[in-house]
Amino acid sequence: MKTLKFGIKYFRKSMFISIIAEIMSIAGIYAELLMPLLSGMLIDYVIKDTPVTENSGSTFHFLLTGKFGEIHTMKLFFSIAIVFGILLLFRIIFIYARDLIQEKVGLQMETDLRYATYNKLMELDSESITNYNSGELLQILNSDTIMFKELFAHRIPYLADSIFMLIITLVLIARINISFIIVPLILMPFLVVTVINFRRQAKENFQIIRKRSSEMNLTTQENIAAVRIVRSFTNEELEKNKFNSANENFYEARKNQIWLSSRFDLTFNAIKQIAYVSTIVIGGIIAIKGYITVGYILTSSTYVMRIMNNITGLNSHLFNMQQQTVAGQSLVGFMAAESKIANKEVSSKRSDTPSIKLDNVSLTIDGTQVLKNITLDIPYGKKLGIVGETGSGKSVLLKTLVRIKDITEGQITIDGDDIKEYSLENLRNMFSYVFQDVFLFSNTIESNIAYSTPDINSKMVTKSAMHAQADKFIDALSDRYKTIIGERGLGISGGQKQRISLARAFHKNAPVFVLDDSTSALDVNTERALLGEIDKHYSDKTLIITAHRFSSVVNCDEIIYMKNGEITERGSFQELMALNGSFAHVYNIQQTQQAEAINYDNAPGKEGVANG
């Protein structure tokens, strides 16, 4: 019921036109059901010369009045043929109009569902999204939306058509002779039991099919994203085997569905044949006793077969509805997911010169405390460096500033207001964030840099690229800023990706620059030039930078050294060096290693290496 309510929410705006389509469908079905009566009349009153009685022809008795032709004449034949043609034309027109409307309604609902699920994906925080693998998300946003709209656009209307056809057919056959209803009534319980059993097994099998499809999507998506790793480890055969395994599992699930369908088709066909033969036998007995004409035997057997076919069709619809219901349940579950990061959408708070404070901030994730009692004062324009061991909490700390992660204790404020009082949009617009894991879209370099603005200003893009030390390698490309780069930046080096992502941050030009180890792939000289550009052109901005290379933060106003989620040392570069603690120890080691590398490059015979 919850799944149906969810679907009605997106189907409601097409309800009126869908009702019109259903009326057309009923009219077309009724026209189709009248045709067997004309076929019976053709046999009785054109081919044979059965005497006309008061009840002859029933619905079409007017054709036998003499005005449209005497029995056993061509005039009557053409009269019946014309009426048959009119009914056939009505059926074609009404069913065509119905199909056209249903397809349009279905397409609209599919579009709305895909739009809604994508919006939901954008609303969910990263922690909530990790509950789904990428294969499941692709299944939900694409396959499930297509499958679920079929339930409302086709299955439910066809279900209503089948019920209407069943009722009208029973009425028409009862008017011919009540005895013909005996066969459907006797066989109905067998069909109902079979359908119920079929539905249960079908639903279980469709759940397995959906799971196997999701697994195959995930395997494919991971291999596309990790193509470089696969190549570098020469693990193509391993990945082929993984895909083949997922593909075989999907094949087995689909094969089980085919076997299930075939088994039930065999059962239904057997019941239909029994119904057909039984109708002919009953019709023959009744005709011999003179209760009905030969033509009505044909009409009645046609109606009985329609009833059997209709019940078979109902089963087919119910079978497909299981798959569509499973898809709908998946959509309902996804749309009901709540982001762990609450968004105060109505807030208009924002700041062009944000002053940030962290007061005794702690964060616990899955029972592990990753940040412990962090207190920081970052007035607007301050340059803060954050260093420490791998896993010390540097990146997590930065994510709390823009609420990618929400703290569990303490408070983070901007201009004295808790950051939870800001809408997520306004809060994040105050930060130009460069993530540790660089992501570039499959688009032009220009579009990637100008991602924060809908209208691309080529001069601003070029300026941002120059500040990020990216202009030289871009100019060397054949299409320069119009060069298309692949997904996740495939086709360019790690350092080039980092420089484009930095240019993207500079182009956004937010009050606060957050660089999360975003210069790790750059050589020392390029990094020094980049930091010089920041100091020259963005000196008024707040800069928060994390780095494993300690030389990146030496010019910061304050440097904090983190270990196990805590600040263990803090101060300016000179103060930390004077402290002679962990920071000074690591810095001295790095400087020694750098000096040794320079001496090695400058050694005789190594000029080529140094120049390369």
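- A distance of 3.5 Å separates NZ of Lys482 from CD of Glu446, quoted to the nearest 0.5 Å.
- By the neighbour-count criterion of 12 heavy atoms within 6.0 Å, atom NZ of Lys463 is sparsely surrounded, having that number or fewer from other residues, nucleotides or ligands.
- Side-chain atoms of Arg428 come within 3.5 Å of backbone atoms of Val402 as a donor-acceptor pair (strictly under, hydrogens ignored).
- Within the 3.5 Å criterion, the main-chain N or O of Ser447 finds no donor-acceptor partner in the side chain of Tyr481.
- Taking Tyr433 as the reference, Phe435 meet the ring-ring contact (aromatic ring centres under 6.0 Å, His included) condition, with sequence neighbours excluded.
- Residue Phe164 qualifies as enclosed at atom CZ: its count of foreign heavy atoms under 6.0 Å is above 12.
- A 4.5 Å side-chain heavy-atom check between Ser79 and Val83 finds every atom pair outside the cut-off.
- Here the side chains of Arg155 and Leu159 are not in contact, with every heavy-atom distance at 4.5 Å or above.
- Within 6.0 Å of CD on Glu425 lie no more than 12 heavy atoms contributed by other residues, nucleotides or ligands.
- Using a cutoff of 4.0 Å between basic side-chain nitrogens and carboxylate oxygens, Asp112 and Lys13 are scored as salt-bridged.
- The shortest side-chain heavy-atom distance between Phe334 and Leu137 falls under the 4.5 Å cut-off.
- Tyr115 contributes atom OH, which lies 15.0 Å from atom OG1 of Thr145 (distance to the nearest 0.5 angstrom).
- Asn426 places no side-chain N or O within 3.5 Å of a backbone atom of Tyr422 that could act as its donor or acceptor partner.
- Contact between Arg114 and Asn142 at its shortest, heavy atoms only, is NH2-OD1, 3.8 Å.
- Atoms CG and CG, on Leu424 and Asn429 in that order, are 10.5 Å from each other to the nearest 0.5 Å.
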Inset, instruction - Could you walk me through whether Thr483 and Thr444 pass the side-chain contact (heavy atoms from CB on, under 4.5 Å) test, one step at a time? - result: CA-CA 5 Å; Thr483 301; Thr444 63; over 6 Å; no
Contacts table for residues 85-101: side-chain donor-acceptor under 3.5 angstrom, sequence neighbours left out:
| from | atom 1 | to | atom 2 | distance (Å) |
| --- | --- | --- | --- | --- |
| Arg91 | NE | Glu32 | OE1 | 3.1 |
| Arg98 | NH1 | Ser25 | OG | 3.0 |
| Arg98 | NH1 | Asp161 | OD2 | 3.0 |

Inset, instruction - Carefully, step by step, assess Phe148 and Tyr10 under the rule side-chain contact (heavy atoms from CB on, under 4.5 Å). - result: CA-CA 11 Å; Phe148 189 54; Tyr10 294 93; over 6 Å; no
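- Other residues, nucleotides and ligands place no more than 12 heavy atoms under 6.0 Å from the NZ atom of Lys104.
- At a cut-off of 3.5 Å, with distance as the only test, no side-chain donor of Thr302 or Thr299 sits close to an acceptor on the other residue.
- Formation of a donor-acceptor pair under 3.5 Å by the Asp144 side chain with backbone atoms of Leu331 is not found in this model.
- Smallest separation of non-hydrogen atoms from Phe431 and Val514: CD2-CG2, 3.6 Å.
- Evaluation of the side-chain contact (heavy atoms from CB on, under 4.5 Å) rule for Ala503 yields Ile449, Ser464, Ala468 as partners, not counting sequence neighbours.
- With rounding to the nearest 0.5 Å, the separation of OH in Tyr30 from OG1 in Thr169 is 11.0 Å.
- Proximity of Val396 to Leu363: side-chain heavy atoms (C-beta onward) are separated by under 4.5 Å at one or more points.
- No side-chain donor-acceptor contact under 3.5 Å links Ser18 and Gln102.
- A pairwise comparison of heavy atoms in Gln324 and Met147 identifies CG-O, 3.0 Å as the closest pair.
- Inter-residue side-chain proximity for Ser351 and Met430 is flagged as met; some heavy-atom pair is nearer than 4.5 Å.
- Residues Ser432 and Asn509 approach most closely at OG-N, 3.6 Å, considering heavy atoms.
- When atom types are taken as modelled, the side chain of Thr400 and the backbone of Arg403 share no donor-acceptor pair closer than 3.5 angstrom.
- Contact between Arg499 and Ala470 at its shortest, heavy atoms only, is CB-CB, 3.8 Å.
- Between His154 and Glu103, the closest side-chain pair of non-hydrogen atoms falls below 4.5 Å.
- Here the NE2 atom belonging to His507 is positioned 14.5 Å from the CG atom belonging to Leu502, to the nearest 0.5 angstrom.
- Considering all non-hydrogen atoms of both residues, Leu33 and Pro36 come closest at O-CD, 3.3 Å.
- Remark: aromatic rings of Phe506 and Phe513 are close, center separation under 6.0 Å.
- Atom CG in Leu141 sits 4.0 Å away from atom OG1 in Thr117 (nearest 0.5 Å).
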Legend entry - Test side-chain contact (heavy atoms from CB on, under 4.5 Å) applied to Leu170 and Ile307, step by step: CA-CA 8 Å; Leu170 286 172; Ile307 291 172; 3.6 Å; yes
Inset, instruction - Please step through side-chain contact (heavy atoms from CB on, under 4.5 Å) for the pair Ile445 and Leu477, ending with a clear verdict. - result: CA-CA 11 Å; Ile445 291 177; Leu477 298 172; 3.5 Å; yes
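- Considering only heavy atoms from C-beta on, Asp418 stays 4.5 Å or farther from Ile412 through its side chain.
- The side-chain heavy atoms of Leu34 and Phe84, taken from C-beta on, include no pair separated by under 4.5 Å.
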